[in-house]
Amino acid sequence: ATATQIARKFVGDKPDVILAIGTPSAQSVVAATRNIPVVFSAITDPVAAKLVKDWGASGTNVTGASDTLPIQPQIDLIKKLIPNLKKVGYVYSTGEVNSVVVLKQLQEAGKANGFEVVEAPAPRTTDISLAVRSLKGKVDVIYSSTDNNVVSAYESLYKAALDSGIPIVASDTSTVARGAIAALSNNYYILGEETGKMMARILDGEKAGDMPVKTMDKLDLYLNLKSAKAFGVTVPQELIDSAKEVIQ
């Protein structure tokens, strides 16, 4: 509801372009205008979110940059950290399209890699702690995506996970400093730069609908050895050597 109010306010201001970060924000802005150029950023699946019809040029007033991630490298990372992986817990908001997309990807990967996915829905930030505790004794690791609710209350996720003895592996590098033991993800600074370049092109006269959705092609590994120790996880030296950032 708040995002809708903000979107309507921006549309009423008649700016040259509107930037929307995250799926809920982008959906609100796109629903509010068909005339003002809209550039989204950090959207896992803009097609599933119904922001654009496909990953090419939309022909509408909408374009942007996606933080979609290949799932297999994430699974490979988890298996290196949790060698006897059998069950993966997934805490997510059922109302976020990007989170549901990741759940489906995780389930498909589970079939191919021999593990089961245990869902723990948390529609509100206040539900996160309870959702995590429901996984105690049922999973070997929690995988967290870029779910807006989860990321906004990551400290609650971390505390509940630590109390429950379940290590966390993330897909958002910013959450490593907040308790995840590892994350293999896009460089969000570069994603922001690429988004800014798209906006600059629009301000220079290019149409948003003529610009295909931008995706990233480089992943960075972040590690938190302090968290790993707290969860009783041994991080292989090969991962430490290849990490862009290691929190001691």
Side-chain angles (χ1 to χ4, degrees), residues 1-4 21-28 42-45 48-49 67 69 71 74-75 77-79 81-82 84-111 113 115-185 222-224 226-233 247:
T2 302
T4 299
I21 299 175
T23 303
S25 298
Q27 288 175 320
S28 297
I43 307 291
T44 300
D45 191 335
D67 63 353
L69 288 171
I71 195 67
Q74 313 290 310
I75 303 307
L77 172 63
I78 294 173
K79 292 174 75 172
L81 293 164
I82 315 292
N84 298 316
L85 183 68
K86 297 296 181 186
K87 294 186 178 183
V88 175
Y90 184 62
V91 180
Y92 72 108
S93 172
T94 53
E96 287 199 35
V97 175
N98 55 310
S99 303
V100 176
V101 168
V102 173
L103 172 61
K104 293 177 180 177
Q105 293 175 338
L106 199 58
Q107 290 170 331
E108 287 299 314
K111 294 176 184 177
N113 291 271
F115 64 83
E116 179 186 342
V117 178
V118 181
E119 300 178 44
R124 304 166 300 175
T125 53
T126 52
D127 299 324
I128 290 173
S129 181
L130 187 61
V132 172
R133 295 179 193 281
S134 73
L135 297 173
K136 184 175 182 179
K138 299 178 182 178
V139 299
D140 305 303
V141 66
I142 289 173
Y143 176 72
S144 66
S145 66
T146 53
D147 184 291
N148 289 276
N149 277 345
V150 171
V151 172
S152 68
Y154 213 80
E155 285 72 19
S156 296
L157 178 79
Y158 170 72
K159 185 179 185 307
L162 191 60
D163 291 344
S164 303
I166 313 171
I168 316 164
V169 176
S171 64
D172 180 353
T173 54
S174 72
T175 57
V176 173
R178 299 166 69 188
I181 64 175
L184 182 65
S185 182
Y222 281 51
L223 298 172
N224 187 329
K226 183 178 179 181
S227 261
K229 184 177 180 181
F231 283 112
V233 173
I247 297 173

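Remember, predicted model here, so these are calculated numbers, not experimental data.
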Reported CG-to-OG distance for the pair N149 and S99, which is rounded to 0.5 angstrom: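 Result: 8.0 Å between the selected atoms.
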Spatial distance of atom CG (L106) from atom NZ (K111) [nearest 0.5 Å]: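 Separation between the atoms: 12.0 Å.
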For D67, all residues meeting salt bridge (Lys or Arg N to Asp or Glu O under 4.0 Å), sequence neighbours excluded: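 If we apply the salt bridge (Lys or Arg N to Asp or Glu O under 4.0 Å) test to D67, skipping adjacent residues, there are no hits.
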For [range], which residue pairs pass the salt bridge (Lys or Arg N to Asp or Glu O under 4.0 Å) check, not counting sequence neighbours?
range: residues 93-102; value: none
range: residues 128-142; value: R133-D163
range: residues 144-157; value: E155-R178

Close side-chain approach of [X] to [Y], heavy-atom, < 4.5 Å:
X: E116; Y: V139; result: no
X: T125; Y: S152; result: yes
X: I78; Y: L85; result: yes
X: V176; Y: L223; result: no
X: T146; Y: N98; result: yes
X: I168; Y: I181; result: no
X: V117; Y: L103; result: yes

Check [X] against [Y] and note the closest heavy-atom contact, atom names and distance.
X: V150; Y: S144; answer: CG1-CB, 4.5 Å
X: A153; Y: I128; answer: CB-CD1, 3.8 Å
X: G179; Y: F231; answer: O-CE1, 3.8 Å
X: V132; Y: V91; answer: CG2-CG2, 3.9 Å
X: I82; Y: P167; answer: CD1-CG, 4.0 Å
X: I43; Y: G22; answer: CD1-C, 3.2 Å

Hey, is the main chain of [Y] close enough, under 3.5 Å, to the side chain of [X] for a donor-acceptor pair?
X: S185; Y: S171; value: yes
X: S164; Y: A161; value: no
X: Q74; Y: L184; value: yes
X: N113; Y: G110; value: no
X: E119; Y: G89; value: no

I166 vs L135, side-chain contact (heavy atoms from CB on, under 4.5 Å): CA-CA, chis, key distance, verdict: CA-CA 8 Å; I166 313 171; L135 297 173; 3.9 Å; yes
Return the set of residues passing side chain to side chain donor-acceptor pair (under 3.5 Å) with [X] (not counting sequence neighbours), or none when no residue passes.
X: T175; answer: none
X: N224; answer: none
X: S174; answer: D172
X: S145; answer: Y90

Could you work out, with side chain to side chain contact (heavy atoms under 4.5 Å, CB included) as the rule, every residue matching [X], not counting sequence neighbours?
X: A177; value: I247
X: T94; value: Y92, P121, P123
X: Q105; value: I71, V101, V102

T44 and T23: CA distance, side-chain angles, deciding distance, side-chain contact (heavy atoms from CB on, under 4.5 Å) verdict: CA-CA 8 Å; T44 300; T23 303; 5.7 Å; no
All pairs passing ring pair (Phe, Tyr, Trp, His ring centres under 6.0 Å) where residues 123-156 contributes a residue, at least two apart: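 Every candidate ring pair (Phe, Tyr, Trp, His ring centres under 6.0 Å) pair involving residues 123-156 fails, so no pair, neighbours aside, qualifies.
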